**Student:** 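Got a structure for you, questions after.
Proteins get letters first, then strands, A, B, ... in listed order; numbering begins at 1 in each. Note that the coordinates shown come from a computational prediction; the quantities given were computed from them, not determined experimentally. Atoms considered below: every heavy atom in the structure, side chains included; atoms not considered: hydrogens, waters and symmetry mates.
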Number of protein chains: 2
Amino acid sequence: MSVSQNDIAKAAGVSQRAVSFALNGKPNVSQEKRDEILRVARKLGYRVNTSARAMRKQSTEAIGLLVQHFNVGDSFFMGINKTLQDAGYYTLIEQFTGVLQLDEKPARLVLENVVDGLIIINSDASLVELLHNKFANLINRTVWLESSHFADFGCIQRDEDGVCQQAVKRLAERGFRRLIYIEDIADLDVLPVPFDGSKPYTGGLHYSSHQRRESVQKYAQQIGIEVDAMDAHTRTTRDGIEQLQTLLNQQTQTKTAVVAYDYRMADWCFHQLAIKGLVCPKDYALMALDELRFYKQELHWQELTRLSFNRVKAGQMAAQMVLDMVCHDAQPKSVRIGGDWVQGKTLEQATD
Amino acid sequence: MSVSQNDIAKAAGVSQRAVSFALNGKPNVSQEKRDEILRVARKLGYRVNTSARAMRKQSTEAIGLLVQHFNVGDSFFMGINKTLQDAGYYTLIEQFTGVLQLDEKPARLVLENVVDGLIIINSDASLVELLHNKFANLINRTVWLESSHFADFGCIQRDEDGVCQQAVKRLAERGFRRLIYIEDIADLDVLPVPFDGSKPYTGGLHYSSHQRRESVQKYAQQIGIEVDAMDAHTRTTRDGIEQLQTLLNQQTQTKTAVVAYDYRMADWCFHQLAIKGLVCPKDYALMALDELRFYKQELHWQELTRLSFNRVKAGQMAAQMVLDMVCHDAQPKSVRIGGDWVQGKTLEQATD
DNA sequence: CTGTTAGCGCATTCAC
DNA sequence: GTGAATGCGCTAACAG
């Protein structure tokens, strides 16, 4: 069996209170007793019982992470976990698919008093309602990271609009007068089934899908730049590339750039066009509105011009925000985070 | 404050024992009392206090996930979390960098009695020693997933050797008599620093880096196929592509295929060679030994011939294994999991 | 400055 | 079939 504070107290010939105080670095224990207690504790291999402490303190010192899917979360996770670790908090992670139901397993995180606070990544509106209706006590201890929900406090989003504005502005500066905006809004109902037979993510489209297209068009129009927007549907059909090729062939004298929704979309364009014999940047210019990468250097394709969103930092911010809520009952203001411009060779006239 | 079983007992006019028994579906409570208790519990919005239960049951019903980095874990996470959820267990996640020290934050997971079992992903030998020396009680409740450690039980690895054998065999069948094996063993000391200023992963090379090269060479040699092995160093220098191009140009009459360590390496080859004007599969054949993707369809590059490792399933196996250990004191046999051959257009003579 | 003691919420044993 | 009583390991109020 594991050794308790009581065991230490007996072994060291002191009271259990002294042990608790010594272990937690509190005053009112003489230095010699403190030293002796720590010595014995180490010798006996004492380890706190987190459950007991949590019960007593009415706080689990754990933060829950509710995610729709894991495949975009890695950089967020790193930032979040690092910050929580440093603050002495545990990270409890739970995946839910689509709309979270109260009777589902992932809901235990909020149902069973296991977390002091919550970080919710990539959620849609349904979860907001659920939390507001059923868990009002949690709502001001919840941070919404990259979720469609954006209220006065507790929300962190990438500044989609600002990023698009920056992209259009930079392209205009480089003389581009026509943009082909390409994204990949999959029809969620017809997505193929993953390996394990489970349902694919059906929580609705990420809000950025609409936002980026709209914002690019808006800012391009303001400066008088022409935009052709298209949807590649790479996950359901395979014919997007012909459409893109046709659009590129319409390129007359007007300098044209392909603006991809994100790194993957750009990747797909590059690959598919290469198969068709079109080489970037010789035959066309290309940039991505989002990078979706962990370490900067992990994007092998350093030639890609892109707006990179620092998700590690965003994760750190989210964790700090939830800690402020939990520890100081604060209501930290919501923020939108901009993107970092990374100039690569896939854009002609690289002048900076 | 939150409502306890005692509150329910008072409200329903029964004893607390009855409440506990009713809520946990145990016998020795009359049906009418049971119904009434459940009704009251629902009305009052009762939620279990996980800490109290854990303390009483001497088991937290939580499994810890110790990871070196998050960026390869997504598919593992999905499988693991799903299986643990279904079994009613929580998933506690903690990242550690390089060699885990006892006085470091991530070690709290094992230090503080917060988990019933452990899944360790991508660890090197140092952690094995640590656990054996200091936490003998945890060692037979630990599953090593994709870690360099491979003992009699509790280990799950991709069958590196078998996968390479399969790759060589299939390439031989298709008439390839020369292979260029390419990988990317970065010099870890000179890796650029990530966004956040933190140290990059320095836990040593993943064992597969050595294994794949060796196995490919071994099996090729057995059949009399020539192998040129090279290291691209894409993360530190940029000149790997010239070497690859040179090797490809040496292609005389012998049918040659490029065998990439993983999807990313293949991706890099494809991109860089495209920039040089070399198109796949016209100018060269290409395959990857590992896919590293979440959903099958998420690899936009469906043309890539690859050996795909089902990490979601591996994650499920890992979770099941740790549950068997925790719940039934079992010592499940270690396993090596093979790869699935996915035939794409990047390999000529696709005949199956 | 130190020891005693009372719960935190739950599962379970024991007497009835 | 049921209620009273116990203790898990810990923190903190209280008394000495």
**Student:** Can you identify which nucleotide, out of C:dT4, C:dG9, D:dG3, has its nearest atom closest to the B:Ser15 side chain?
**Tutor:**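 Within the option list, the nearest is D:dG3.
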**Student:** Nucleotide by nucleotide, 5' to 3', does protein get under 4.0 Å of the base (B), only the sugar-phosphate (S), or neither (-) in nucleotides 10-16 of chain C, counting heavy atoms?
**Tutor:** BBBB---
**Student:** So which of B:Ile156, B:Val322, B:Thr91 actually passes side-chain contact (heavy atoms from CB on, under 4.5 Å) with B:Ile119?
**Tutor:**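 Among B:Ile156, B:Val322, B:Thr91, the one meeting side-chain contact (heavy atoms from CB on, under 4.5 Å) with B:Ile119 is B:Val322.
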**Student:** In whole Å, I'd like the distance from the NZ atom of A:Lys10 to the P atom of C:dG3.
**Tutor:**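 In whole Å, C:dG3 P lies 16 Å from A:Lys10 NZ.
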**Student:** So A:Phe21 and A:Arg34, side-chain contact (heavy atoms from CB on, under 4.5 Å) or not? Walk me through it.
**Tutor:** CA-CA 8 Å; A:Phe21 274 52; A:Arg34 186 183 301 273; over 6 Å; no
**Student:** Would you classify A:Val14 as touching base, sugar-phosphate or nothing, given that sugar-phosphate means primed atoms plus P, OP1 and OP2, and contacts are heavy atoms under 4.0 Å?
**Tutor:**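 Result for A:Val14 = nothing.
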**Student:** Stepwise, does the side-chain contact (heavy atoms from CB on, under 4.5 Å) test hold for A:Lys333 with A:Phe153?
**Tutor:** CA-CA 4 Å; A:Lys333 266 185 71 89; A:Phe153 70 96; 5.7 Å; no
**Student:** In terms of side-chain geometry, is the basic nitrogen of A:Arg39 or A:Glu36 positioned less than 4.0 Å from the acidic oxygen of its partner?
**Tutor:**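 Salt bridge flag = yes for A:Glu36 with A:Arg39.
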**Student:** With nearest nucleotide decided by heavy atoms, which residue, B:Ser30 or B:Met55, maps closer to the 5′ end of DNA chain D?
**Tutor:** B:Ser30
**Student:** Specify the separation, in whole Å, of atom CD of A:Glu36 and atom C1' of C:dT2.
**Tutor:**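 It is 16 Å, rounded to the nearest whole Å.
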**Student:** Could you give the CD-to-P distance, from B:Glu32 to D:dG1, as a whole number of Å?
**Tutor:**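 Value for this atom pair: 11 Å.
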**Student:** Tell me whether the side-chain N/O atoms of B:Gln31 come closer than 4.0 Å to OP1 or OP2 in D:dG1.
**Tutor:**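 No, no such contact exists.
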**Student:** May I ask you to decide if A:Ser4's main-chain N or O and A:Asp7's side chain share a donor-acceptor pair within less than 3.5 Å?
**Tutor:**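 Checking the backbone N and O of A:Ser4 against the side chain of A:Asp7, a donor-acceptor pair under 3.5 Å is found.
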**Student:** Given 3.5 Å as the limit, does a donor-acceptor pair link the side chain of A:Asp116 with the main chain of A:Ile63, or not?
**Tutor:** no
